[in-house]
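Throughout, residue positions are numbered sequentially from 1 according to the sequence presented.
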Amino acid sequence: MRFFDEIWECLNCSDLEQKFDKFIQIWNNFQYYKMEHNSPILPLITPSYAKFCDVKSLKELKQKHSTQAFLHSIAHIEYSAIDIALDACYRFRNLPIEYYFDWLEVAKDEIYHFKMIANKMSELGVKYGDYAVHDGLFVALKQTQNSLINRMAVLPRYMEANGLDSNLFMMQKLISNGDKDGILEILKVIHKEEIDHVSKGDKWFKFACERDGVEHSNWIDIVRDYYPRAFEAKRALDVKHRLMAGFSQDEIDRMQKFQEN
């Protein structure tokens, strides 16, 4: 069995049931795979969700404010996170076996998160694909597909860590305003497990920096090369859980200074 070929098939599969079945097979057979590190690495071209979602750029996407649309936006993030984890496995070769296990474990968690949200959406009469979605995370994948350092810096350590902040805000809002649709418990599960995902990204970012002789203290500069206004949004940082996930207090202080400008 060829690990990277099967990961690529799973990554690009657009049938949800088949995709998740393929992943279960990969997860169950992980110890038996041959790691063919010299096999071709194909470029990212189109997101797997493009076959059943109306895909817009972030600028084009019009926000909708219903509970159903809110859940759909979370479902899209969780589905995208599945492919982010799978591509982390596929694209970067000759790494410790622990690296591939870590990102398969993340993909497993993200599938669970997606299914929780999809089930709640079904209760409210909608399914994934009923609303337009943005391609922002896929664009970030494409932009960082040639560098493990940049991939780990931008996706888990920047974007997913931003998700910790957003999730904390959403949970606080539901606690204050009421949770008539029973979303809070789902967000709590997602938030708890995303801390571990960010921590894995932190671990492999620092591993890649050490391997390539790059100072990991350059993380903010790496991110701002891609997103020049990164860290300027005036929102509360989830400091407690960022620290748990591997951020330094110095990094958090620097992020907060960007918010003050």
Side chains of [X] and [Y]: closer than 4.5 Å at any heavy-atom pair?
{"X": "L187", "Y": "I74", "answer": "yes"}
{"X": "I183", "Y": "T67", "answer": "yes"}
{"X": "F4", "Y": "I41", "answer": "no"}
{"X": "L95", "Y": "F207", "answer": "yes"}
{"X": "L237", "Y": "L168", "answer": "no"}
{"X": "R91", "Y": "L141", "answer": "no"}
{"X": "F3", "Y": "I26", "answer": "yes"}

Decide side-chain contact (heavy atoms from CB on, under 4.5 Å) for V198 and H241; before the verdict, give the C-alpha distance in whole Å, the side-chain angles of both, and the deciding distance to 0.1 Å.
CA-CA 10 Å; V198 176; H241 296 113; over 6 Å; no
Spacing of [X] atom [atom1] and [Y] atom [atom2] [to the nearest 0.5 Å]:
{"X": "E215", "Y": "E210", "atom1": "CD", "atom2": "CD", "value": "10.5 Å"}
{"X": "R242", "Y": "M255", "atom1": "CZ", "atom2": "CE", "value": "4.5 Å"}
{"X": "L86", "Y": "I7", "atom1": "CG", "atom2": "CD1", "value": "5.5 Å"}
{"X": "E193", "Y": "Y112", "atom1": "CD", "atom2": "OH", "value": "7.0 Å"}
{"X": "K192", "Y": "I190", "atom1": "NZ", "atom2": "CD1", "value": "13.5 Å"}
{"X": "Y99", "Y": "L104", "atom1": "OH", "atom2": "CG", "value": "10.5 Å"}

Expected output: side-chain [X] to main-chain [Y] donor-acceptor under 3.5 Å:
{"X": "K19", "Y": "L11", "result": "yes"}
{"X": "S147", "Y": "T144", "result": "no"}
{"X": "E78", "Y": "A75", "result": "no"}
{"X": "S14", "Y": "S48", "result": "yes"}

Can you tell me if Q249 has over 12 outside heavy atoms packed within less than 6.0 Å of its CD?
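It does: Q249 CD has more than 12 such atoms within range.
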Could you check whether atom NZ of K59 has more than 12 heavy atoms from other residues, nucleotides or ligands sitting under 6.0 Å from it?
no
I'd like to know if the side chain of D21 pairs up with that of Q25 as donor and acceptor (distance under 3.5 Å, no hydrogens or angles considered).
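The answer is no; no qualifying pair exists.
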Side chains of E6 and Y33 only: does a donor on one sit below 3.5 Å from an acceptor on the other?
yes
Audit row: K257, D253, salt bridge (Lys or Arg N to Asp or Glu O under 4.0 Å) steps and yes/no:
CA-CA 6 Å; K257 284 184 179 178; D253 291 343; over 6 Å; no
Tell me, with the steps shown, if R235 and S166 meet side-chain contact (heavy atoms from CB on, under 4.5 Å).
CA-CA 9 Å; R235 65 181 177 193; S166 299; 3.4 Å; yes
Basic-acidic side-chain contact under 4.0 Å: [X], [Y]:
{"X": "K108", "Y": "E105", "value": "no"}
{"X": "D250", "Y": "R254", "value": "no"}
{"X": "R224", "Y": "E232", "value": "yes"}

According to the side-chain hydrogen bond (donor to acceptor under 3.5 Å, both in side chains) rule, which pairs have a member within residues 171-180, sequence neighbours left out?
none
side-chain hydrogen bond (donor to acceptor under 3.5 Å, both in side chains): which pairs involve residues 125-135, sequence neighbours left out?
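Of all non-adjacent pairs touching residues 125-135, those that pass side-chain hydrogen bond (donor to acceptor under 3.5 Å, both in side chains) are H76-Y128, K127-D130.
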Only pairs at least two apart or in different chains count here, so list each salt bridge (charged side-chain N to carboxylate O under 4.0 Å, His left out) that has a residue in residues 145-157.
D87-R151, R157-D202, R157-E251
Side-chain donor-acceptor contacts of residues 115-126 below 3.5 Å, not counting sequence neighbours, with atom names and distances?
from, atom 1, to, atom 2, distance (Å)
N119, ND2, K115, O, 3.2
K120, NZ, E123, OE1, 3.1
K120, NZ, D181, O, 2.9

Going through the distances and angles, do E98 and D102 end up as a side-chain contact (heavy atoms from CB on, under 4.5 Å)?
CA-CA 6 Å; E98 181 186 357; D102 275 356; 4.1 Å; yes
Closest approach of [X] and [Y], non-hydrogen atoms and distance?
{"X": "N12", "Y": "W8", "answer": "ND2-O, 2.9 Å"}
{"X": "W103", "Y": "C89", "answer": "CB-SG, 3.5 Å"}
{"X": "D5", "Y": "R2", "answer": "OD2-CD, 3.2 Å"}
{"X": "Y79", "Y": "C13", "answer": "OH-O, 3.6 Å"}
{"X": "H197", "Y": "P156", "answer": "O-CB, 4.3 Å"}
{"X": "F138", "Y": "T46", "answer": "CZ-C, 3.5 Å"}

Assess whether side-chain contact (heavy atoms from CB on, under 4.5 Å) is satisfied between M159 and I84, documenting all intermediate values.
CA-CA 11 Å; M159 291 187 166; I84 289 167; over 6 Å; no
Do [X] and [Y] belong together in a cluster built from hydrophobic side chains that touch within less than 4.5 Å?
{"X": "L164", "Y": "I220", "result": "yes"}
{"X": "I45", "Y": "F52", "result": "no"}
{"X": "I24", "Y": "Y100", "result": "no"}
{"X": "I77", "Y": "L71", "result": "no"}
{"X": "V139", "Y": "L44", "result": "no"}

Apply ring-ring contact (aromatic ring centres under 6.0 Å, His included) to F23 and list each qualifying residue two or more places apart in sequence or on a separate chain.
none
Once ring-ring contact (aromatic ring centres under 6.0 Å, His included) is applied, do any residues pair with Y226, and if so which ones, sequence neighbours excluded?
none
Using the ring of Y90 (Phe, Tyr or Trp, six-membered ring only), decide whether R93 places NZ or CZ under 6.0 Å from its centre and within 45 degrees of its axis.
yes
For a ring-ring contact (aromatic ring centres under 6.0 Å, His included) check, start with the C-alpha distance between W27 and F101, then their side-chain angles and the critical distance, and finish with the verdict.
CA-CA 9 Å; W27 175 258; F101 181 80; 5.4 Å; yes
For the ring pair Y158 and Y227, is the centre-to-centre distance below 6.0 Å?
yes
Test ring-ring contact (aromatic ring centres under 6.0 Å, His included) on F231 and W219 and set out the steps.
CA-CA 12 Å; F231 312 109; W219 170 70; 5.2 Å; yes
